[in-house]
Amino acid sequence: MVTGYFIYVQTRPVADNIFHVEETSQIARIELTKVIKGEASKELSLTKQEQDWLVNEEFTVVPDKIEAFLNTLGGIRVRENIENEGQETALAILKKNHTLVRILDADEDVLVAYLLGPTDSKHKSNIMMVEGGKRAYLVSKPGLDGYVSVQYQMDPLEWREKLLWNLNGSDLARIEADYLSVPEESYRLERESDGVWRLGAAMADGRRVEDYLRLFTGKVYAETFADMNFPGLRDSLSRRTPDISFGYGTQANQSGTLHLFLRPENQNNYFGYLEGKPEAYTVQHFVIDKFLKRRTYFGAGS
C-alpha cells in the first residue's frame with residue numbers, strides 16, 4: 001500500500017537538475033539499497049556489460065525494462081521545493097524509510113546519489129534528497145503519470161529476462177526431444193563434421209532440417225516466473241517425469257535442456273524449467289510448439 005504525505009511546498013522556481021543524469025550513456029552501474037525503519041533491508045545492483053545489463057551481477061535484464069529506467073534516471077526533475085516548515089517532516093520521513101540510489105560510471109565514480117522516499121499526498125511526486133544533503137524536494141518525471149518510485153524495483157525477478165535460450169540455427173550441432181506420450185517420435189538429431197545431419201544411423205532430410213534451423217533467430221522467452229504465483233512449483237516439477245524434454249548443443253559446446261509439463265487446466269501454456277536452473281516458468285504454446293518437431297518431421301534421406 002502506498003502512503004502519501006502532506007508537506008508544505010513553495011511554487012517559486014528552483015534548480016531542477018540535482019537528481020538526474022544528463023548523459024545516461026555514461027551510466028555503468030546502478031546500486032539500490034532499501035532502508036526500512038532506518039535499517040538496510042535489501043540491496044540490488046544493475047551493471048552494464050558490453051551488450052546487456054545484469055541484475056546482481058548474474059542474470060540478464062529485460063532490455064525494455066532497463067531502457068525505461070535509464071529514461072527515468074535522465075528525465076527526473078525537481079517538481080516543487082519544500083518550504084522550511086515542511087523540511088523537518090520530509091527529512092524525518094526520509095531518514096526512516098527510503099531507497100538509497102547510487103549511479104556510477106565505468107570508472108566507478110559516482111555520477112549522482114540520492115535518497116528516494118515515498119510519494120506525496122497527491123501521488124504525483126516523490127520526496128527526495130541528495131545523499132549527504134540537508135534539504136528534501138518533491139521530484140517527478142515530466143510527462144509521467146504518477147510517481148517515479150515504482151520504477152526503482154528491488155525484486156530481481158522484476159528485472160530479469162525470462163530467457164529460455166539465445167540461439168541461431170547456424171549455432172546448433174545437436175537437437176533432441178523426448179516425448180512421454182509418443183516415445184517413438186523422440187529423436188536425437190546431430191550435425192556431422194561434413195555438415196550432414198543424422199537421425200541416429202539414418203540421414204535426415206536436409207531440406208527439412210534447413211527449414212527447421214531457420215526457426216532459431218535469437219532469444220526465446222518464457223511468459224512468467226511461475227514460482228511467483230505457484231510457490232514450490234519448481235521442487236514439485238523436479239519430482240515428476242516431463243511430458244516433453246527438449247535439448248540442444250551448439251558448435252561452441254554450449255548446451256541446455258528445457259523440461260515441459262502439460263497443464264490440463266490451461267491449454268495456453270506449459271509449466272517448465274531449465275535443467276540446472278532453480279526457477280519454474282510458464283511457457284506459452286504459441287512460442288515453443290514450433291520448435292517441438294517429431295522424428296517423422298525430419299524423415300530420412302536416401
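Cluster annotation: L116 is not connected to I36 through the hydrophobic network of ILVMFWY side chains, with a link wherever side-chain heavy atoms come within less than 4.5 Å. With hydrophobic clusters built from ILVMFWY side chains whose heavy atoms lie under 4.5 angstrom apart, Y297 shares a cluster with W197. Residues L70 and I76 share a hydrophobic cluster, clusters being chains of Ile/Leu/Val/Met/Phe/Trp/Tyr side chains in contact below 4.5 Å. Taking hydrophobic clusters as Ile, Leu, Val, Met, Phe, Trp and Tyr residues chained together by side-chain heavy-atom distances below 4.5 Å, I288 shares a cluster with V182. Taking hydrophobic clusters as Ile, Leu, Val, Met, Phe, Trp and Tyr residues chained together by side-chain heavy-atom distances below 4.5 Å, V130 shares a cluster with V148.
Contact check for L199 versus R295: side-chain heavy atoms found under the 4.5 Å cut-off. Residues R79 and V139 are not in side-chain contact: their nearest non-hydrogen atoms beyond the backbone lie 4.5 Å or more apart. In this structure the side chain of L46 never reaches within 4.5 angstrom of the side chain of L54, judged on heavy atoms. Residues L258 and E275 form no side-chain contact, since every pair of their non-hydrogen atoms from C-beta on lies 4.5 Å or further apart. Using a 4.5 Å heavy-atom threshold, the side chains of S140 and Y147 count as separate. The shortest side-chain heavy-atom distance between I93 and I127 falls under the 4.5 Å cut-off. Side-chain contact between I103 and V110 is absent, with no heavy-atom pair separated by less than 4.5 Å. Here the side chains of E31 and L104 are in contact, with some heavy-atom distance below 4.5 Å.
Using a cutoff of 4.0 Å between basic side-chain nitrogens and carboxylate oxygens, K277 and E279 are not scored as salt-bridged. For E185 and R294, the salt-bridge test fails: no basic side-chain N is under 4.0 Å from an acidic carboxylate O. Under the 4.0 Å criterion applied to side-chain N and carboxylate O atoms, E67 and K65 are not assigned as salt-bridge partners. Salt-bridge formation is not detected for the pair D211/R208: no Lys NZ or Arg NE/NH1/NH2 atom is positioned less than 4.0 Å from an Asp or Glu carboxylate oxygen. Salt bridge E57/R29: present, at least one basic N to carboxylate O contact under 4.0 Å. The existence of a salt bridge linking K219 and D52 is confirmed by a sub-4.0 Å separation between a basic side-chain nitrogen and an acidic carboxylate oxygen.
For the atom pair T99 OG1 and Q153 CD, the distance stands at 10.0 Å (nearest 0.5 Å). Rounded to the nearest 0.5 angstrom, E161 CD and Y221 OH are separated by 3.5 Å. Atom CD of E210 sits about 9.5 Å away from atom CZ of R207, to the nearest 0.5 Å. To the nearest 0.5 Å, atoms CG (L115) and CZ (R102) are separated by 11.0 Å. To the nearest 0.5 Å, atoms CE (M228) and CG (L233) are separated by 13.5 Å. The NZ atom of K124 sits 9.5 Å away from atom OG1 of T119, with the distance rounded to the nearest 0.5 Å.
Here the side chain of N56 pairs no donor or acceptor atom with the backbone of E58 at under 3.5 angstrom. A donor-acceptor pair under 3.5 Å is absent between the side-chain atoms of D205 and the main chain of G299, judged by distance alone. A donor-acceptor pair under 3.5 Å links the side-chain atoms of R191 to the main chain of L172, judged by distance alone. Using modelled atom types, no side-chain atom of D227 and backbone atom of P231 make a donor-acceptor pair closer than 3.5 Å. The closest donor-acceptor contact from the side chain of D178 to the backbone of S186 lies at 3.5 Å or more, if one exists at all. Using modelled atom types, one side-chain atom of Q251 and one backbone atom of S170 make a donor-acceptor pair closer than 3.5 Å. The closest donor-acceptor contact from the side chain of D171 to the backbone of N168 lies under 3.5 Å. S41 places a side-chain N or O within donor-acceptor distance of the main-chain N or O of K34, the cut-off being under 3.5 Å. Judged purely by atom type and a 3.5 angstrom limit, N126 has no side-chain atom pairing as donor or acceptor with the backbone of M128. Not a single donor-acceptor pair under 3.5 Å links the side chain of N269 to the backbone N or O of T282.
When each of F69, F59, W53 is checked for a ring pair (Phe, Tyr, Trp, His ring centres under 6.0 Å) with W159, only F69 meets the rule. The side-chain contact (heavy atoms from CB on, under 4.5 Å) with Y281 is formed by just one residue from the set L163, T224, L164; it is L164.
Taking all atoms of both residues into account, the shortest heavy-atom contact from L138 to S125 is CB-CB, 3.9 Å. Among all heavy-atom pairs drawn from A280 and Y273, the shortest one is CA-CB, 4.4 Å. Residue K293 comes nearest to K290 through the heavy atom pair CE-O, 3.2 Å, listed as atom of the first residue, atom of the second, then distance. Shown here for K42 and M154, the closest heavy-atom pair between the two residues is O-CE, 3.6 Å. Residues T33 and A40 approach most closely at CG2-CB, 3.9 Å, considering heavy atoms. Pairing each heavy atom of L180 with each of T241, the nearest pair is CD1-CG2, 3.9 Å.
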Legend entry - Residues R77, H20; criterion side-chain contact (heavy atoms from CB on, under 4.5 Å); working and verdict: CA-CA 7 Å; R77 299 292 188 272; H20 76 273; 3.0 Å; yes
Inset, instruction - List the steps, then state whether side-chain contact (heavy atoms from CB on, under 4.5 Å) holds for M203 with V196. - result: CA-CA 8 Å; M203 185 181 298; V196 173; 3.9 Å; yes
Inset, instruction - Check the pair R174, L189 against side-chain contact (heavy atoms from CB on, under 4.5 Å), reporting the backbone distance first and the verdict last. - result: CA-CA 6 Å; R174 171 180 56 82; L189 186 68; over 6 Å; no
Inset, instruction - Give the C-alpha distance, both sets of side-chain angles, the deciding distance and a yes or no for side-chain contact (heavy atoms from CB on, under 4.5 Å) between I30 and L73. - result: CA-CA 10 Å; I30 303 163; L73 297 179; 3.6 Å; yes
Inset, instruction - Would you sort out whether N84 and R135 count as a side chain to side chain donor-acceptor pair (under 3.5 Å), showing the intermediate values? - result: CA-CA 9 Å; N84 290 336; R135 291 192 66 85; 3.0 Å; yes
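The aromatic rings of F291 and F246 lie tilted to each other, with the angle between the two planes from 30° to 60°.
Within 6.0 Å of CD in E192 there are more than 12 heavy atoms belonging to other residues, nucleotides or ligands. At most 12 non-hydrogen atoms from other residues, nucleotides or ligands lie less than 6.0 angstrom from CD of E39. Counting heavy-atom neighbours within 6.0 Å of E50 CD, excluding the residue itself, gives a total of 12 or less.
Aromatic pair Y187/F298: ring centres closer than 6.0 Å. Aromatic pair F230/F271: centroids less than 6.0 angstrom apart. Aromatic ring centres of F19 and Y114 lie closer together than 6.0 Å.
Under 3.5 Å, the side chains of T72 and Q151 contain a donor-acceptor pair of N or O atoms. Side-chain contact check for K141 and N71: at least one donor-acceptor pair (N or O, by modelled atom type) lies under 3.5 Å.
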